[in-house]
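Keep in mind that the numbers below use all heavy atoms, side chains included, and drop hydrogens, waters and symmetry copies. Worth saying up front: this structure is predicted, and the values here are computed from it rather than measured. Nothing fancy with the numbering, it's 1 onward along the sequence.
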Amino acid sequence: MELLAKVVTVSDSVSAGAAKDRGGPAVTDVLEAQGFRIVDRRCTPDGKDAVSDCLLEMAEGFAGLIVTTGGTGFSPRDLTPEGTEAVLDRRAPGLAEAMRSVSPLGRLSRAVAGMIGPALIVNVPGSPTGAVECLEAILDVIPHALELLGGGLPHGHSSSGGGADPVA
């Protein structure tokens, strides 16, 4: 299975050309080093509606990972989690919890993770260090999550119908 990813930087200043995007390239580098092919990179302003609109467009017809970087903190315009939650079909709280646990500043993150159809969306901080730390905390399980979202069979199951259901 080819690992596909899209990266969106959420930042008023970057989208206006007033600041350099540092989080997006850091996320891209980590994903590429882990074998992901980046098929789209974008920047959108902060704000719930801007994030929601961008994520809906990026998720349409896409089976893969979408990583947002930025807008997960306490500033009034940091509304990436709200914009993400507005479009999710289902949440994946374990991923967000794992990301928050990797550093003391992670406790200030309001990031969420979840799914729109076969697309998995993960919010990470805008700082390159925070973005990389958070992403590295979950990358080991992302390929399996994407396989399951794409219709793969869970552990302990076979297509022949044999074997017991370990969680039944």
Side-chain angles (χ1 to χ4, degrees), residues 3-34 36-139 142 145-146 149:
L3 297 171
L4 303 177
K6 297 181 178 186
V7 177
V8 59
T9 299
V10 181
S11 170
D12 287 334
S13 57
V14 172
S15 65
K20 182 179 178 185
D21 181 8
R22 295 175 37 231
V27 165
T28 298
D29 289 346
V30 169
L31 291 172
E32 288 178 336
Q34 292 297 312
F36 283 83
R37 183 166 62 95
I38 308 302
V39 296
D40 195 359
R41 277 204 45 208
R42 298 186 190 183
C43 185
T44 190
D46 287 290
K48 180 180 175 181
D49 292 340
V51 170
S52 292
D53 292 347
C54 182
L55 289 175
L56 284 173
E57 188 176 311
M58 291 181 92
E60 186 173 344
F62 180 66
L65 177 65
I66 301 172
V67 180
T68 70
T69 176
T72 63
F74 281 38
S75 296
R77 294 274 300 151
D78 286 343
L79 297 172
T80 299
E82 289 79 5
T84 302
E85 287 175 332
V87 298
L88 292 178
D89 296 329
R90 299 181 290 156
R91 292 187 66 181
L95 295 176
E97 291 163 10
M99 291 189 297
R100 274 190 274 284
S101 72
V102 296
S103 75
L105 286 178
R107 293 175 288 178
L108 295 176
S109 174
R110 299 178 321 99
V112 298
M115 297 141 272
I116 299 177
L120 175 62
I121 299 173
V122 176
N123 302 151
V124 299
S127 84
T129 300
V132 168
E133 286 176 345
C134 288
L135 202 50
E136 287 178 342
I138 62 169
L139 272 176
I142 297 300
L146 293 174
L149 281 172

Any idea which heavy atoms bring [X] and [Y] closest together, and the distance?
{"X": "Ala137", "Y": "Val102", "value": "CB-CG1, 3.1 Å"}
{"X": "Leu149", "Y": "Gly117", "value": "CD2-O, 3.7 Å"}
{"X": "Val10", "Y": "Pro45", "value": "CG1-O, 3.8 Å"}
{"X": "Thr80", "Y": "Val51", "value": "O-CG1, 3.9 Å"}
{"X": "Leu95", "Y": "Ile138", "value": "O-CG2, 3.6 Å"}
{"X": "Asp46", "Y": "Gly71", "value": "OD1-CA, 3.9 Å"}

Partners passing side chain to side chain donor-acceptor pair (under 3.5 Å) against [X] (at least two apart in sequence or in another chain):
{"X": "Glu57", "value": "Arg42"}
{"X": "Arg100", "value": "none"}
{"X": "Thr69", "value": "none"}

Separation between [atom1] of [X] and [atom2] of [Y], rounded to the nearest 0.5 Å:
{"X": "Leu120", "Y": "Arg90", "atom1": "CG", "atom2": "CZ", "value": "10.0 Å"}
{"X": "Ser101", "Y": "Glu133", "atom1": "OG", "atom2": "CD", "value": "10.5 Å"}
{"X": "Glu82", "Y": "Asp49", "atom1": "CD", "atom2": "CG", "value": "11.5 Å"}

Under the side-chain contact (heavy atoms from CB on, under 4.5 Å) rule, collect the residues that match up with [X], sequence neighbours excluded.
{"X": "Ala63", "value": "Pro118"}
{"X": "Val14", "value": "Thr9, Ser11, Ala19, Asp21, Cys43"}
{"X": "Arg91", "value": "Glu85, Leu88, Pro93, Val112"}

Any non-hydrogen side-chain atom of [X] less than 4.5 Å from a side-chain atom of [Y]?
{"X": "Leu4", "Y": "Phe36", "result": "no"}
{"X": "Leu31", "Y": "Val67", "result": "yes"}
{"X": "Ile121", "Y": "Leu55", "result": "yes"}
{"X": "Pro125", "Y": "Met99", "result": "no"}
{"X": "Ile38", "Y": "Asp40", "result": "no"}
{"X": "Val39", "Y": "Lys6", "result": "yes"}
{"X": "Val124", "Y": "Thr68", "result": "no"}

Original post:
Is the shortest side-chain N to carboxylate O distance from Asp78 to Arg110 below 4.0 Å?
Top reply: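 Not counted as a salt bridge, because no side-chain N and carboxylate O are separated by less than 4.0 Å.
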Original post:
Can you check whether Asp12's main-chain N or O pairs, donor with acceptor, with Ser15's side chain at less than 3.5 Å?
Top reply: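 Here the side-chain-to-backbone pair exists.
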**OP:** Mark yes or no for whether Thr72, through its side chain, and Ala111, through its backbone, hold a donor-acceptor pair below 3.5 Å.
**Re:** no
